[in-house]
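Down below is the structure, laid out as structure tokens.
Chain naming here is simple, since letters A, B, ... match the order of the sequence lines and numbering starts at 1 in each. Excluded from the calculations below are hydrogen atoms, water molecules and symmetry mates; all remaining heavy atoms, backbone and side chain alike, are included.
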Amino acid sequence: MTSVIEVRELHDWPTTESEAVSIQERLRSLVRTDEQPAEVRTAAGLDVDYRESSDELVAAVTVLDVATLSLVDSAAVRGRAEFPYVPGLFAFREAPALLKALQELRVVPDVLVCDGHGLAHPRRCGLACHLGVLTDLPSIGVGKTAMGHYEPPAEPRGSWSPVTMDGEEVGRALRTQTGVKPVFVSIGHRYTLDDACDLVLDLAPKYRLPETTRSADHLSRRS
DNA sequence: GCGACAG
DNA sequence: ATCTTGTCGC
């Protein structure tokens with residue numbers, strides 16, 4: 001059974017934190033920020049649910065039609081966290097199972113909407129960058145809490161403010177619902193920040209989190 | 001040296 | 001991530 005999504009073998013599995021850091025520095029050099037898909041008709045949501053023992057997990061991917069937010073495809077796989085949770089190395093914990101789930105899809109989504117950050121990361125290589133580079137698919141990160149500094153955006157839906165790290169703009173705090181805490185959007189791979197924010201607003205017409213994330217979260221909990 | 005630090 | 005009550009609103 002061959003996958004429609006090919007996962008590139010760009011690195012060995014790290015044994016230590018310093019090996020993981022080296023891998024991120026190399027993956028970072030492969031991130032493309034100068035491209036944008038001509039047309040984004042479908043978007044994938046990715047999320048992981050942890051079970052007892054905290055290293056048993058279920059990774060879920062859902063693919064939604066952006067115009068209608070209806071479900072086009074989905075996949076869920078059980079797995080095991082292969083790395084401890086270390087801030088900054090989060091991707092090594094969740095990416096393996098998420099990549100397996102992506103390989104079970106029957107359609108190739110136009111963009112991956114990841115539950116975590118992309119360039120808004122100490123080494124500018126968060127989960128969304130890992131998944132984007134390893135699949136070579138466009139990707140963005142949508143985090144629920146900030147990494148970096150920001151001022152709260154204005155109250156109306158659609159308002160945003162820059163998120164900075166080391167004086168550099170790495171993402172945006174985006175208000176998806178008026179009067180509700182913002183989400184934190186950053187680039188993963190082959191996408192622009194302006195378009196990422198437009199996409200997240202399209203995907204979040206009613207709730208704070210995009211429907212991609214919500215549907216993947218629901219699927220992971222039921223699988 | 002200490003705090004902060006996605007999920 | 002997860003542990004947790006009641007409450008408000010559709």
Side-chain angles (χ1 to χ4, degrees), chain A residues 14 17-18 20-21 23-24 27-28 31 44-62 76-102 112-134 139-150 162-174 176-189 193 196 200 205-223:
Chain A
E17 292 188 16
S18 68
V21 167
I23 290 167
Q24 286 186 324
L27 291 183
R28 172 63 185 92
V31 169
L46 303 93
D47 195 26
V48 167
D49 183 55
Y50 290 89
R51 299 298 162 83
E52 62 268 18
S53 81
S54 181
D55 64 348
E56 292 176 53
L57 52 80
V58 177
V61 183
T62 55
V77 303
R78 302 196 64 125
R80 190 161 274 280
E82 310 281 353
F83 214 80
Y85 172 65
V86 179
L89 300 179
F90 174 58
F92 293 96
R93 194 166 171 74
E94 297 198 343
L98 288 169
L99 290 167
K100 281 181 191 165
L102 282 168
L112 309 179
V113 180
C114 306
D115 185 29
H117 297 116
L119 294 180
H121 174 278
R123 288 170 294 281
R124 313 295 185 269
C125 191
L127 175 66
C129 299
H130 282 244
L131 295 176
V133 168
L134 293 179
S139 73
I140 68 172
V142 180
K144 295 183 281 292
T145 61
M147 259 196 157
H149 305 294
Y150 72 100
V163 174
T164 61
M165 290 186 76
D166 312 311
E168 178 185 357
E169 179 166 355
V170 296
R172 289 181 186 165
L174 176 67
T176 53
Q177 298 298 321
T178 299
V180 173
K181 186 167 130 70
V183 297
F184 303 90
V185 179
S186 59
I187 295 314
H189 187 53
L193 195 49
V200 170
K206 188 167 164 57
Y207 300 107
R208 177 187 176 226
L209 295 178
E211 289 301 317
T212 38
T213 301
R214 288 167 44 79
S215 61
D217 178 69
H218 293 155
L219 176 60
S220 68
R221 289 179 196 269
R222 294 174 193 147
S223 301

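One atom, CG of A:D115, and another, P of B:dG7, lie 6 Å apart when rounded to the nearest Å. Taking atom CZ of A:R80 as the reference point, atom P of C:dA1 lies 20 Å away to the nearest angstrom. If you measure from atom CG of A:D166 to atom C1' of B:dA4, you get 13 Å, rounded to the nearest angstrom. For A:L98 and C:dA1, the CG to C1' distance is 14 Å, given to the nearest whole Å. As a whole-Å value, the separation of A:R123 CZ from B:dA6 P is 13 Å. Residue A:H117 contributes atom NE2, which lies 6 Å from atom P of B:dG7 at whole-angstrom precision. A straight line from CG of A:L209 to C1' of B:dG7 spans 13 Å, rounded to a whole angstrom. Rounded to whole Å, the distance from CG on A:L46 to C1' on C:dA1 is 17 Å.
Between A:F83 and A:F92, the ring-plane angle classifies as tilted under the 30° and 60° cut-offs.
Along DNA chain C, the nucleotide closest to A:R221 and the one closest to A:K206 are compared, and the more 5′ of them pairs with A:R221.
Ion pairing between A:R93 and A:D55 fails under the 4.0 Å rule for side-chain N and carboxylate O. Ion pairing between A:E168 and A:R124 holds under the 4.0 Å rule for side-chain N and carboxylate O.
The side chain of A:T145 places an N or O atom within less than 4.0 Å of a non-bridging phosphate oxygen (OP1 or OP2) of B:dG7.
In this structure, A:Y85 forms an aromatic stack with the base of B:dG7, since both conditions hold: centre separation below 5.5 Å and plane angle below 30°.
Closest to the side chain of A:K144, out of B:dA6, B:dG7, C:dT2, is B:dG7.
Using modelled atom types and a 3.5 Å distance limit, the side chains of A:Y50 and A:E94 yield a donor-acceptor pair.
In this structure, A:L57 reaches neither bases nor backbone, as no heavy-atom distance under 4.0 Å exists between it and the strands shown.
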